[in-house]
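Whatever order the structure lists them in is the order used to number ligands and atoms, beginning at 1. Residue indices begin at 1 and follow the sequence shown.
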Amino acid sequence: MAAHLLSYLLLALCTLSVSADVSVSIDCGSSDSYKDDNLIVWTGDDGYVQGGESHSVQSSNSISRVMDTLRVFTTQKKNCYHIDSVRQGRVLVRASFYYGNYDGKSSPPTFDLQFDGNHWATVQTSSTVYVYHEVTYVMKKDSISVCVAQTNPAQFPFISALEVRGLESYMYVNVDDNYPLFLRRRVAFGSNATIRFPDDPYDRLWTPEVISGGMIPVRSSALFSKGLTLADQPPPAVLKNAVTAITPNSTLQLSMGFPLVPAPVYVNGYFSEVAVLGPNQNRYFSIFKNNQSFSQPFSPPYENCTELYTSNLTASVNTTFSLVPTNFTTLPPLINAMEIFVIGDELTNGTNDQDVKGLASLQKAFGVLQGWSGDPCLPAPYTWDWINCSTDPVPRVTALFLGSFGLSGILPDFSTMDALQIIDLHNNSLQGPIPDFLGTLPQLKTLNLANNQFNGSMPASLSNKTGLNIVVTGNPNLCTSCPASPKNSTQSSSGCSKKDSNILAIMFGAIIPSFIMLQYLWETLL
Ligand SMILES: *[C@@H]1O[C@H](CO)[C@@H](O)[C@H](O)[C@H]1NC(C)=O
Ligand SMILES: *[C@@H]1O[C@H](CO)[C@@H](O)[C@H](O)[C@H]1NC(C)=O
Ligand SMILES: *[C@@H]1O[C@H](CO)[C@@H](O)[C@H](O)[C@H]1NC(C)=O
Ligand SMILES: *[C@@H]1O[C@H](CO)[C@@H](O)[C@H](O)[C@H]1NC(C)=O
Ligand SMILES: *[C@@H]1O[C@H](CO)[C@@H](O)[C@H](O)[C@H]1NC(C)=O
Ligand SMILES: *[C@@H]1O[C@H](CO)[C@@H](O)[C@H](O)[C@H]1NC(C)=O
Ligand SMILES: *[C@@H]1O[C@H](CO)[C@@H](O)[C@H](O)[C@H]1NC(C)=O
Ligand SMILES: *[C@@H]1O[C@H](CO)[C@@H](O)[C@H](O)[C@H]1NC(C)=O
Ligand SMILES: *[C@@H]1O[C@H](CO)[C@@H](O)[C@H](O)[C@H]1NC(C)=O
Ligand SMILES: *[C@@H]1O[C@H](CO)[C@@H](O)[C@H](O)[C@H]1NC(C)=O
Ligand SMILES: *[C@@H]1O[C@H](CO)[C@@H](O)[C@H](O)[C@H]1NC(C)=O
Ligand SMILES: *[C@@H]1O[C@H](CO)[C@@H](O)[C@H](O)[C@H]1NC(C)=O
């Protein structure tokens, strides 16, 4: 049902969004739908998440309405938002966190962030500022899950906003599609405000650079009326400003924000001339890495843009980049915009599809299990509380620990989960016959069905299975000594003619006559 609701919400959103064909903006902890100053349509998070509590921030918040509310999770270790029916392809996903002392404890928490079964980031929230994390990747399925996971017993994960934007398939293609790009910096040099939608149709956030000594902000006179044909689609708004070095012969040192420990990085630089140059003017410079030449000298075009990238370079805080003038230039080096990503580990393909399907049928049958979402097994060790998984690259679900879960009704068919070794369903109120498929699971070693309401007789597949530890005590209507029920029976009659317990037989003998007597009385009264 939740899934249906979700696809309607998405449909409604898609018809409203004008640019990219995927745009989901979730205001976590809110139930409202509204359009903000940037013309972004936000919706509450009811249709995307189960569990958690809504809170409003306490400290005065001048950031945006979106940051006024949040959703915090205090009971489960992994808590996921599920965004369904997304057209597959490259997406940008952004998760934002503003603590705002919502709990009055002045204690901003730290926790983990995950997407589609992959580790994403450790989120360190702050008392004063909001933090966000952004990942760009090519989806492997047609849905997206984003989870916050508890890493410290006293610190509860929360989330303030979640955004998904569709990108073009030709964007950011210089790194293998099986790897995610985690944003570190996306800078609009010389700008004095963050640039995003509608100036950037993909709603990337281009933040201004703090102007340090050795830099001069300059405004471009270019109009970009012919448009730009660059692969990564830098919006003209970010090319309208730039910074230059102070003199034509000085170097422009760039602040890269690389990670502390060496990691593979992907860097995009955007260079556009800011004025029509006179006949005696030229601007030639090259890129240096660690004071060594790293590119040919080049001259940025006016009303156009040169995009330079380096993919899969190992870099750390000690890796420097600078723009070095050639000895014949008359104008100082210049840069308009830059994007720096860390290349993550290879994207997981997620838990085995057959197991995901089987778990979905269990969740459909038992509402109490519906609070678990996201990838069931990944990332390890953040599996769902009631399963265990193998450590294979594509994990298999090896155990169901559903004892004392308050399950009632008929067991659904989860026979696709053929790597199960342990099934523990004791102390629930499960009814109906014991399904035949349980005996056909090839790896099954332990099957605990004790203290339920199963009836009928043991299915043939289980009655003579060797090497299986099976417990069925405490199922008063189950006949263990009856002839095995035929293989194709799904809904056998309750009880059976021959009981293996004398006590039950006596009870039967006592109950049936009183029933007949009541019926007799009823008929005579009429
Ligand atoms: C920001 O820059 C624009 C032009 O680049 C200018 O018109 C505006 O006044 C500036 N705003 C501030 C607050 O400096
Ligand atoms: C910008 O430069 C590229 C590469 O030189 C060229 O293909 C493209 O036509 C130029 N765009 C405009 C609007 O001049
Ligand atoms: C750079 O050029 C200025 C004049 O424009 C000159 O005074 C200065 O010595 C030069 N510096 C270097 C390092 O060449
Ligand atoms: C960076 O340089 C500092 C000092 O030169 C050194 O102590 C540190 O180990 C270096 N870090 C890396 C990641 O290379
Ligand atoms: C690059 O040169 C600057 C000044 O010339 C120096 O301070 C810096 O340590 C050098 N960096 C590297 C990585 O060699
Ligand atoms: C980056 O380069 C290393 C070694 O050159 C290679 O093993 C790795 O697969 C590359 N990663 C990507 C994302 O291309
Ligand atoms: C610039 O430097 C190169 C060598 O690095 C030299 O061959 C060339 O003559 C120099 N040009 C000028 C105008 O000084
Ligand atoms: C995911 O599947 C693709 C093709 O199906 C394969 O190339 C890739 O190696 C797999 N990734 C992992 C982490 O197993
Ligand atoms: C869960 O699976 C792992 C191997 O993936 C195993 O080492 C561990 O003992 C299992 N835990 C339980 C409770 O069965
Ligand atoms: C049986 O399950 C219920 C919850 O459904 C729980 O309250 C009770 O303690 C469990 N009994 C045993 C003996 O585990
Ligand atoms: C075990 O049961 C199967 C049917 O599930 C039957 O074909 C087989 O003959 C039985 N084996 C024994 C030893 O009873
Ligand atoms: C088992 O299946 C056969 C063939 O579909 C059918 O004739 C028979 O009645 C079924 N037995 C039971 C107990 O449902």
Side-chain angles (χ1 to χ4, degrees), residues 75-76 90-92 115-121 134-140 167 169-185 231-232 253-268 288-292 294 308-322 339-349 362-363 365-372 384-386 393 399-411 422-431 446-454 471-476 478:
T75 52
Q76 281 173 210
R90 186 174 284 278
V91 287
L92 175 159
F115 73 101
D116 294 359
N118 303 282
H119 175 74
W120 179 350
E134 185 195 295
V135 61
T136 296
Y137 69 104
V138 178
M139 295 167 64
K140 291 196 179 270
L167 301 180
S169 56
Y170 52 78
M171 292 168 77
Y172 304 108
V173 290
N174 296 312
V175 174
D176 185 326
D177 277 2
N178 282 311
Y179 293 81
L181 300 176
F182 298 119
L183 183 73
R184 288 200 60 98
R185 303 192 73 205
D232 293 331
Q253 200 69 44
L254 297 175
S255 156
M256 303 302 283
F258 287 139
L260 278 177
V261 290
V265 299
Y266 178 36
V267 180
N268 274 342
F288 276 48
K289 179 190 147 219
N290 294 339
N291 298 343
Q292 306 269 307
F294 194 63
L308 295 181
Y309 70 88
T310 168
S311 66
N312 201 3
L313 172 86
T314 300
S316 74
V317 276
N318 293 355
T319 312
T320 63
F321 274 88
S322 50
E339 292 175 290
I340 297 170
F341 303 96
V342 165
I343 303 171
D345 291 338
E346 188 176 358
L347 290 167
T348 166
N349 289 329
L362 283 164
Q363 290 187 303
F366 306 119
V368 65
L369 303 182
Q370 283 164 14
W372 278 269
W384 292 357
D385 292 356
W386 44 278
L400 294 176
F401 300 114
L402 287 169
S404 303
F405 256 70
L407 310 182
S408 62
I410 311 269
L411 261 190
I422 300 172
I423 299 177
D424 183 359
L425 293 165
H426 81 275
N427 185 31
N428 287 296
S429 305
L430 296 167
Q431 298 157 7
T446 301
L447 177 61
N448 188 347
L449 303 175
N451 301 320
N452 275 291
Q453 304 297 324
F454 285 113
V471 187
V472 291
T473 51
N475 283 281
L478 184 72

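Contact annotation: the side chain of E346 approaches that of Y179 to within less than 4.5 Å [non-hydrogen atoms, C-beta and beyond].
Shown here for L425 and N452, the closest heavy-atom pair between the two residues is O-ND2, 2.9 Å. Residues R185 and M256 approach most closely at CD-O, 3.4 Å, considering heavy atoms.
The ring pair (Phe, Tyr, Trp, His ring centres under 6.0 Å) test with F341 is passed by exactly one of F182, Y137, Y172, F258: Y172.
Looking at Q253, its side chain never comes within 3.5 Å of a backbone N or O of S322 through a donor-acceptor pair. No donor-acceptor distance shorter than 3.5 angstrom exists from the side chain of N118 to the backbone of L347, with no hydrogens or angles considered.
Between Y309 and D232, the side chains place no donor N or O within less than 3.5 Å of an acceptor N or O (distance only, hydrogens not considered).
Contact shell of ligand 4 (protein heavy atoms, cutoff 4.0 Å): L260, P262, S316, N318.
For ligand 6, the atoms closer than 4.0 angstrom to any heavy atom of V175 are 13 (C). Near G406, the atoms of ligand 10 lying under 4.0 angstrom from a non-hydrogen atom of the residue are 5 (O).
Counted within 6.0 Å of CG on D385, heavy atoms from surrounding residues, nucleotides or ligands total more than 12; the atom is thus considered enclosed.
At under 3.5 Å, not a single nitrogen or oxygen of D176, backbone or side chain, sits near a nitrogen or oxygen of ligand 6. Of the N or O atoms in N427, one or more lie within a sub-3.5 Å distance of an N or O in ligand 10.
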